[in-house]
Protein chains: 2
Amino acid sequence: MVVPDAALPARVRIHEVGPRDGLQNEKATVPTEVKAEFVRRLADAGLTTVEATSFVHPKWVPQLADAEELYPRVAGLPVALPVLVPNERGLDRALALGADRVAVFASASESFARANLNRTMDEALAMFEPVVTRAKAAGVHVRGYLSMCFGDPWEGEVPVPQVVHVCRALLDMGCDELSLGDTIGVGTPGHVSALLTALAEAGVPVSALGVHFHDTYGQALANTLTALRHGVTTVDSSAGGLGGCPYAESATGNLATEDLVWMLRGLGIDTGVDLGRLIATSVWMAGQLGRPSPSRTVRALSHQES
Amino acid sequence: MVVPDAALPARVRIHEVGPRDGLQNEKATVPTEVKAEFVRRLADAGLTTVEATSFVHPKWVPQLADAEELYPRVAGLPVALPVLVPNERGLDRALALGADRVAVFASASESFARANLNRTMDEALAMFEPVVTRAKAAGVHVRGYLSMCFGDPWEGEVPVPQVVHVCRALLDMGCDELSLGDTIGVGTPGHVSALLTALAEAGVPVSALGVHFHDTYGQALANTLTALRHGVTTVDSSAGGLGGCPYAESATGNLATEDLVWMLRGLGIDTGVDLGRLIATSVWMAGQLGRPSPSRTVRALSHQES
């Protein structure tokens, strides 16, 4: 039953991350043509933004080492096709192929910056400045991913003011939009409210914010609903719930696009997505990967083998 | 991070259904002593209401055929131990053992009554009247389960006024509380709001209402959050997410108690539950059943084999 809620937005833009975030940790190599077909099918299902690949060094993400081969195969599709660029070298590769939307990947956690880059958070942020500056100079749209926006209650949490600080820094650098990531999935609705309230008070326009929740603790949709109440209209998700989870073969990390669409459709919120086509795409991709989709909605509405 | 939300209740009572709803469809017989230990461990983890078993005819639910053996083993625990009684015969059996809380199982869907009982919905409701009347006369607390409160968008949906009608009928019969079930898990937050608003307008006190969401489409926690905003303070869930799902071996039907507790804890909502003990209980029970828990929080925080 479709029952709209006046406190929620009328339309949500889904930022589909399946081909990049969903596949990047796959061990078995997915053929470039399968990836291209995946992107095409997602566009055909009505998704308007499909993050296509990453121009990271192949040594770090071997699965996406074919970015140069993949991007030209999908570049003509009538959808936005952002690509991840970790640094200037990645930006050069993306620009050489004519990419007009890129994303950089920052973190809101000091310990993450220390552990991964042996830098302070501000030093890590400074690394992105030339990437963002050059991308903007080239007329390219820049998304800033911000991981670890919520934290881990067993090992510590990320203070809200710190996340606000990094958001401001990325916007001041020139980022057009930000994606607030709950990378380990521990966030709960009150925390989401607190962060979005603090960002609004700091003058960050909600139109520049997307949310990227993981379902590791089952909280992704409750958190998304909370974000929508704060006026967020960009939500990241992954078709079929693709995306590495260290715990169980078909357990999910990323919020499944189908589960998101199910909720939004019930709320009368327009996404432009044809759920049937999307599920067919995820079932097809599950077949390519040789295991069932972890999306609950895909499981409920498909007859895929489990 | 604990961030309370002033629009939500300060305390929630979890109605734990694992031993009854969670186990009833298990094919392999679970020994009575394992069931008793499960109930004991749940009580020890801080749950205050544990639905212990069902006095249904053994032919229909062979797994719970040991209700007479089980109930006396747990009856002394300092928690509420409701039992399901499908009819007067079941009530007799429960009363003979001294049960002081029973539950009847009605449906809000006309087609369900037709298919299962070959009766109209009102005829089906009339069947419960003597059960409820006699239970109340015996001083027993009666919960009325109401299944199919939301419906299935592929095959039809259950109109809100019809659900309100059945709720009123069950309360007029003498039920002390109702549990609004989304048996097939298709409901979304706007629909939950619409139903709870209509029930309030019909004079049904929210204190008499519990919610029972299934995670078949991943909507259970978003729906629960919505119900809390309407003042609902009783939430049904199943430890470890136990409960039959026809789709995949470890996919969930029932909302997992751990995923619920994770959300409530983050919102500063008191449940009395010790999450660590609860997870240990679900991991132990998963070992008894020979498969991993489908609860995402259990997977994230335990090192169980998958």
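Each chain gets a letter, A, B and so on, in the order its sequence line appears, and its residues count up from 1. Below, all heavy atoms of this structure are taken into account, side chains as well, without hydrogens, waters or symmetry copies.
- Ring pair A:Phe150/A:His191 is perpendicular by interplanar angle, where above 60° counts as perpendicular and below 30° as parallel.
- Highest contact tally toward chain A, considering only B:Val160, B:Thr226, B:Asp259, is held by B:Asp259 [criterion: heavy-atom pairs under 4.5 Å].
- A:Ala202 and A:Val164 get closest at one heavy-atom pair: CB-CG1, 3.5 Å.
- For the set A:Gly268, A:Gly266, A:Gly187, the entry with the most heavy-atom pairs within less than 4.5 Å of chain B is A:Gly266.
- The aromatic rings of B:His212 and B:Tyr145 stand perpendicular to each other, their planes meeting at an angle above 60°, with 30° marking the opposite boundary.
- For A:Leu225, the part sitting under 4.5 Å from any heavy atom of chain B is the side chain, from C-beta outward, and nothing else.
- For A:Thr224, no part lies near chain B; criterion is any non-hydrogen pair under 4.5 Å.
- Of the two parts of A:Thr297, the backbone and the side chain both hold a non-hydrogen atom closer than 4.5 Å to a non-hydrogen atom of chain B.
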Next item on the list: For side chain to side chain donor-acceptor pair (under 3.5 Å), just list the numbers for A:His214 and A:Thr183, CA-CA rounded to whole Å, side-chain angles, deciding distance to a tenth of an Å, and then say yes or no.
Entry: CA-CA 6 Å; A:His214 279 203; A:Thr183 316; over 6 Å; no
Next item on the list: Just do the side chain to side chain contact (heavy atoms under 4.5 Å, CB included) check on B:Glu51 and B:Glu16 with the steps written out, would you?
Entry: CA-CA 6 Å; B:Glu51 197 161 298; B:Glu16 168 62 46; over 6 Å; no
